[in-house]
Amino acid sequence: MRDPWALLARLEANMRARAAARQERERHPELYVPKAERPACGARCRDGHPCRAPAVWDAKRGRLRNLRCRMHGGLSTGPRTAEGKARSIEGARKGAAARWYRWRDGRASTGG
Ligand SMILES: [Zn+2]
């Protein structure tokens, strides 16, 4: 994004969104869970340990978004287009099939 005015507009939109989230939090304090009390993200970090960052809080809905931190998909909106949703479902299907084959082959090799 090279247009400085577009950058400024984005910055302003971000500030408005943050202000709206803050207002929402003040309006419904009973729905708010402080960062320290949110569950850890748990994604596998590059060095292998589970991520300990707090999961992203959805201020609008007053609940956790998807149990992931802001670095591990917590801010993701997920697939939005029909094409993207189809791609996501296809990927999940392939992953499930691959896990099943690994499970089956693992059982066969150990004889159990
Ligand atoms: Zn994380």
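Just so you know, ligand 1 is whichever comes first in the structure, and atom 1 is the first atom listed for that ligand.
- Leu75 and Leu67 are not part of a single hydrophobic cluster, where members link through side-chain heavy atoms under 4.5 Å apart.
- Around the Zn ion (ligand 1), the protein contributes the following N, O or S atoms at distances under 2.8 Å: Cys41 SG, Cys51 SG, Cys69 SG, His72 ND1.
- How far CZ of Arg65 is from CZ of Arg70: 13.5 Å, rounded to the nearest 0.5 Å.
- Judged as a salt bridge (charged side-chain N to carboxylate O under 4.0 Å, His left out), the pairs with a partner in residues 73-100 (not counting sequence neighbours) are, in order, Glu83-Arg87, Glu90-Arg93.
- At least one donor-acceptor pair closer than 3.5 Å links the side chain of Arg38 to the backbone N or O of Val33.
- Cluster annotation: Trp103 and Tyr101 are assigned to the same hydrophobic cluster (Ile/Leu/Val/Met/Phe/Trp/Tyr, side-chain heavy-atom contacts under 4.5 Å, transitive).
- One finds the CH2 atom of Trp100 at 8.0 Å from the CG atom of Asp105 (value rounded to the nearest 0.5 Å).
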